[in-house]
Amino acid sequence: MNDLIRRSITGAGIVIFLLAGFLLHPVSFYLTGLILISAAMFEYYRIISSTGIKPMVYPGIITGLVLYTISTFVASGMLKSEFLLFLIPLSTLLIITEIYRKQERPFDSIAHTVFPLLWIAFPISLFPFTAYNQEGLSSIIVQRGVIFSPEVVFAFFLLTWSSDTGAYVAGITLGKHRLIERISPKKSWEGFFGGMILSAIVAFLVSGMFNQFSRFEWIIVSLIISVAGTYGDLAESMLKRSTGIKDSGSIMPGHGGFLDRFDSTILSFPLVYLFLVLFGG
């Protein structure tokens, strides 16, 4: 019971942090994404460093933040998409820097420096493209002259939380059949379907509030989130099991670190974005 209370209090804090950040204003939207990338990438690098591999922590994080910042300006129309090509010299610079670091395992270092750019920074850098020049749920503080709606990101996290909650409740009450026990001993098929069902129900109930998809399409989005999010959880569990740690961090009591809390996000959001591009209104 104490664990459930601790998780609930921490979960409420996470919800407030995200809602305040993404819904308040375009600037707070940007800053919230900045925090997520910085914290999650730092945790990843800390985990890898514990194995003896020494990734380029701060150059890697800075490159991730540059990707997110340029993506924000491109999405808002303040920069042309060609500016994303600046990531090419930055990526090249990471390789050149490694030559001078004299590490025993330089290519392991390069690989683990670059991987979180693809796994963490890239998915979160898609957030602005779903918000700028989009009609729908407006931010609490409206910025004049800017077409901006955090609707997709807000709905995405609402359905993600629903899936996580359904999976947790069904898992602890009904869970008997393990999903992939060698990677995550606690995850069950009952929890997986519980999360999928609750997320679909929430999508059905709240779809009338949002403009980007029809009710049926929002249910499809909820299924994408549940399935891809589960694989995101398993991917991070695989990382922790292979490196011998329990949680990616301890900043969120009952939930671990940022990477623990948002592991499902970084795998499922790119697929939701793809669905938006192909079928969104």
Side-chain angles (χ1 to χ4, degrees), residues 14-38 40 63-87 117 120-162 199 202-222 224-225 228-229 262 264-281:
I14 296 170
V15 170
I16 293 171
F17 162 70
L18 287 178
L19 291 185
F22 287 127
L23 292 178
L24 184 62
H25 188 270
V27 173
S28 67
F29 184 99
Y30 165 75
L31 293 176
T32 303
L34 215 64
I35 292 171
L36 294 184
I37 290 175
S38 301
T63 303
L65 298 183
V66 170
L67 169 60
Y68 177 68
T69 300
I70 293 178
S71 296
T72 298
F73 281 105
V74 170
S76 66
M78 297 177 66
L79 289 178
K80 294 182 179 180
S81 59
E82 287 81 3
F83 276 85
L84 288 168
L85 295 176
F86 277 109
L87 273 298
L117 294 174
I120 298 170
F122 170 71
I124 297 176
S125 294
L126 294 175
F127 283 11
F129 292 99
T130 69
Y132 284 96
N133 299 309
Q134 299 290 336
E135 301 286 349
L137 178 71
S138 62
S139 56
I140 297 173
I141 301 175
V142 179
Q143 182 172 332
R144 293 183 179 180
V146 176
I147 302 175
F148 178 86
S149 170
E151 176 180 298
V152 171
V153 173
F154 171 75
F156 170 82
F157 278 109
L158 178 62
L159 297 179
T160 298
W161 295 329
S162 301
S199 184
V202 172
F204 177 82
L205 293 176
V206 304
S207 58
M209 298 168 49
F210 306 125
N211 301 323
Q212 292 294 336
F213 298 114
S214 67
R215 174 163 287 170
F216 174 75
E217 288 169 340
W218 274 117
I219 293 174
I220 296 298
V221 169
S222 75
I224 292 172
I225 290 172
F262 298 105
S264 59
T265 296
I266 55 182
L267 202 64
S268 60
F269 192 81
L271 296 176
V272 172
Y273 176 72
L274 177 62
F275 189 80
L276 173 66
V277 170
L278 295 177
F279 304 105

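Just so it is clear, the structure is predicted and the values come from calculations on it, not from any experiment.
- Counting heavy atoms from C-beta outward, P123 and T265 have side chains that stay 4.5 Å or more apart.
- Checked by atom type and distance alone, the side chain of Q212 pairs as donor or acceptor with a backbone atom of E135 at under 3.5 Å.
- Across F210 and A155, no two heavy atoms sit closer than the pair CE1-CB, 3.8 Å.
- The minimum heavy-atom distance between S268 and G229, with the atom names listed, is CB-N, 3.8 Å.
- Counting heavy atoms from C-beta outward, F262 and L36 have side chains that approach closer than 4.5 Å.
- Of all heavy-atom pairs between S138 and P150, the closest is C-CD, 4.0 Å.
- Of the inter-residue distances, the one linking F83 atom CZ with S71 atom OG reads 13.5 Å to the nearest 0.5 angstrom.
- Ring geometry for F22 versus F157: interplanar angle under 30°, hence parallel rather than tilted (30 to 60°).
- Checking side-chain atoms of S149 against main-chain N and O of L137 turns up a donor-acceptor pair under 3.5 Å.
- Once rounded to the nearest 0.5 Å, the distance linking CZ of F154 with CG of L23 reads 6.0 Å.
- Proximity of a side-chain donor or acceptor of S222 to a complementary backbone N or O of I219 within less than 3.5 Å is detected.
- Counting only distance, with no hydrogens or angles, the side chain of S28 and the backbone of G21 share a donor-acceptor pair below 3.5 Å.
- Around CZ of F17, the count of heavy atoms belonging to other residues, nucleotides or ligands within 6.0 Å exceeds 12.
- Going from atom CG of L84 over to atom CD1 of I70 covers 6.0 Å, rounded to the nearest 0.5 Å.
- Between atom OG of residue S125 and atom CD1 of residue I120 there is a gap of 11.0 Å, rounded to the nearest 0.5 Å.
- Considering F213, F275, F279 as possible partners of W218, the one that fulfils the ring pair (Phe, Tyr, Trp, His ring centres under 6.0 Å) test is F213.
- Atoms CD and CD1, on E217 and I224 in that order, are 10.0 Å from each other to the nearest 0.5 Å.
- Y132 is not listed as a side-chain neighbour of V74, based on a closest heavy-atom distance of 4.5 Å or more.
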Assess the residue pair L65 and S38 against the criterion (side chain to side chain contact (heavy atoms under 4.5 Å, CB included)); give the C-alpha distance rounded to whole Å, side-chain angles, the decisive distance to 0.1 Å, and a yes or no. CA-CA 7 Å; L65 298 183; S38 301; 3.4 Å; yes
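- The two residues S199 and S162 make their nearest non-hydrogen contact at CA-CB, 3.9 Å.
- Using modelled atom types, no side-chain atom of T32 and backbone atom of L18 make a donor-acceptor pair closer than 3.5 Å.
- For F148, the CZ atom counts as densely surrounded, since its 6.0 Å shell holds more than 12 non-hydrogen atoms of other residues, nucleotides or ligands.
- In terms of modelled atom types and a separation under 3.5 Å, the side chain of S207 and the main chain of F204 share a donor-acceptor contact.
- The line from CZ of R215 to CG of L205 is 7.5 Å long, rounded to the nearest 0.5 Å.
- Between F269 and V153 the shortest side-chain heavy-atom distance falls below 4.5 Å.
- Between Y68 and Y30, the ring planes lie parallel to each other; the angle is under 30°, not in the 30° to 60° tilted range.
- Nearest heavy-atom pair, S139 versus L24, reported as atom, atom and distance to 0.1 Å: CB-O, 3.7 Å.
- Taking 4.5 Å as the limit, every side-chain heavy atom of L117 sits out of range of all side-chain heavy atoms of L67.
- Residues L126 and P270 have side chains in contact (heavy-atom distance under 4.5 Å, counting atoms from C-beta outward).
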